[in-house]
Structure formats: structure tokens, C-alpha cells
Amino acid sequence: MRSALEITSFKCSGDLPIAAVIFDSSGSILSSSKNAVIESGRATAHAELLAIGNLDLQILKREGKDMCLAVTLEPCPMCAWAIRSAGIGRLVFGAYNPQYGAAGSVYDLLRDRSHGRSVEVVGGVLKEECQQLLGGAFSNIRNNGCR
């Protein structure tokens, strides 16, 4: 989670400080990314999707179950399904997402066994730090009109 927090940033005209890092079974970083929805002009440029997209498909197929994705905010349904579809074995997230959380807060798409193998989920890791980071960005948007 610390690695994800280290790559987050918030610019007044930029994206929310949400970052994702994918680790292999030994803890080495395989891929990392941060939200780029505003920067790229693409609604699907979420940190999780970008980090997964940076991985070689053959490595993902072969080793995905042993990988861990750490993200500063609980994934939305789109990202949760991508994590599951990619075959990533474990998700660790910081702040809970009470509006769109799909790893247990609102939906539980990752642990639902009716769609095959489930993903191990650990939530609330460095929760306060992640919430402060996101809260500060939302406050900046509200108070300074950043978009």
C-alpha cells in the first residue's frame, strides 16, 4: 500500500489520487499506475485497469493467481471485474468506497463464488492515510473549483 501511496498525486486540473500497484509472489513490483481519466480523456483509465493493461498477458495467465494488486481506493465494479477476469489472486485496498465499492462495501464481486474462483480481499490497509489523501483532493475540488 505504501508503494501505491507513493505514486499518487493530485493536481487541481488532474485526476483523483488513486494508484494501483501489482506485485509478484516475492513482493517485486510488476506494474503500477494512477488514475488518468481526466488526463487521458478516457472514462476507463482507472488505475487498476491501466496497471493490469501494462502486464504481459502470458505472464498474467501463468502467474496471476500469485499476484497481489494494491490500490488506494476500493475498486468500482468495472475494476473489480477486470481484476477477477485477469486472474489476479489477491486485492489489498486502503479506503473504502461507500458509493461504488465492489470488494465488499456495496457489492462483493470479487468473492462471489458463483462466477468461479474468487479473489482474496484485504480492505482497510492504511485506511486513514488513503482517506486523508482522497478527502483532501475532494475538498480541493469543492473549495477551489478544480475539475
Side-chain angles (χ1 to χ4, degrees), residues 1-11 13-138 140-141 147:
M1 189 57 63
R2 289 247 180 254
S3 296
L5 282 167
E6 287 174 12
I7 66 170
T8 59
S9 64
F10 176 75
K11 296 173 253 161
S13 61
D15 289 282
L16 289 175
I18 300 168
V21 180
I22 300 175
F23 300 92
D24 67 12
S25 60
S26 68
S28 296
I29 294 175
L30 299 173
S31 177
S32 65
S33 191
K34 57 185 178 177
N35 265 20
V37 173
I38 305 299
E39 181 180 317
S40 70
R42 293 184 2 236
T44 58
H46 289 204
E48 302 94 325
L49 297 181
L50 296 172
I52 292 168
N54 290 336
L55 293 174
D56 177 84
L57 184 58
Q58 295 307 314
I59 292 172
L60 193 56
K61 283 184 175 183
R62 191 174 56 247
E63 301 171 23
K65 68 182 180 331
D66 298 321
M67 292 178 188
C68 176
L69 187 148
V71 64
T72 53
L73 179 67
E74 180 182 6
C76 69
M78 175 177 67
C79 293
W81 204 257
I83 293 164
R84 187 179 188 123
S85 296
I88 293 173
R90 185 175 197 207
L91 167 74
V92 175
F93 69 87
Y96 288 87
N97 185 344
Q99 289 183 306
Y100 304 108
S105 288
V106 179
Y107 311 102
D108 202 354
L109 298 179
L110 295 170
R111 292 180 283 211
D112 182 351
R113 289 201 173 270
S114 64
H115 299 288
R117 183 193 59 79
S118 63
V119 176
E120 179 186 352
V121 176
V122 178
V125 176
L126 299 179
K127 179 175 87 171
E128 289 77 21
E129 289 179 52
C130 292
Q131 285 175 326
Q132 285 178 345
L133 181 72
L134 290 161
F138 282 117
N140 201 348
I141 289 170
R147 293 269 174 220

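Under the 4.5 Å side-chain criterion, counting only non-hydrogen atoms from C-beta, Leu60 is in contact with Ile52. In this structure, Val92 and Cys68 have side chains that are in contact, with non-hydrogen atoms separated by less than 4.5 Å. At a threshold of 4.5 Å between non-hydrogen side-chain atoms, the residues Leu30 and Glu63 do not count as touching. Using a 4.5 Å cut-off on side-chain heavy atoms (C-beta onward), Leu91 and Val71 make contact.
Each of Leu73, Ile18, Leu49 was scored for a side chain to side chain contact (heavy atoms under 4.5 Å, CB included) with Asn35, with one residue passing: Ile18. For the side chain to side chain contact (heavy atoms under 4.5 Å, CB included) test with Phe93, the passing option among Thr72, Val125, Val121, Val122 is Val121; the others fail.
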Side chain to side chain contact (heavy atoms under 4.5 Å, CB included) between Asp24 and Ile59, intermediate numbers included: CA-CA 10 Å; Asp24 67 12; Ile59 292 172; over 6 Å; no
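Although no hydrogens or angles enter the test, the distance criterion places no donor-acceptor pair under 3.5 Å between the side chain of Ser105 and the main chain of Pro98. A donor-acceptor pair is defined here as one N or O able to donate and one able to accept, closer than 3.5 Å; such a pair exists between the side chain of Ser31 and the backbone of Ala51. With hydrogens and angles ignored, the 3.5 Å screen pairs no side-chain donor or acceptor of Arg90 with any backbone N or O of Ala70.
To the nearest 0.5 angstrom, Glu120 atom CD is 11.5 Å from Leu110 atom CG.
The number of heavy atoms from other shown groups lying within 6.0 Å of CZ (Arg113) does not exceed 12.
Among all heavy-atom pairs drawn from Ser32 and Val21, the shortest one is CB-CG2, 3.9 Å. Residues Pro17 and Leu133 share a closest heavy-atom pair of O-CD2, 3.5 Å.
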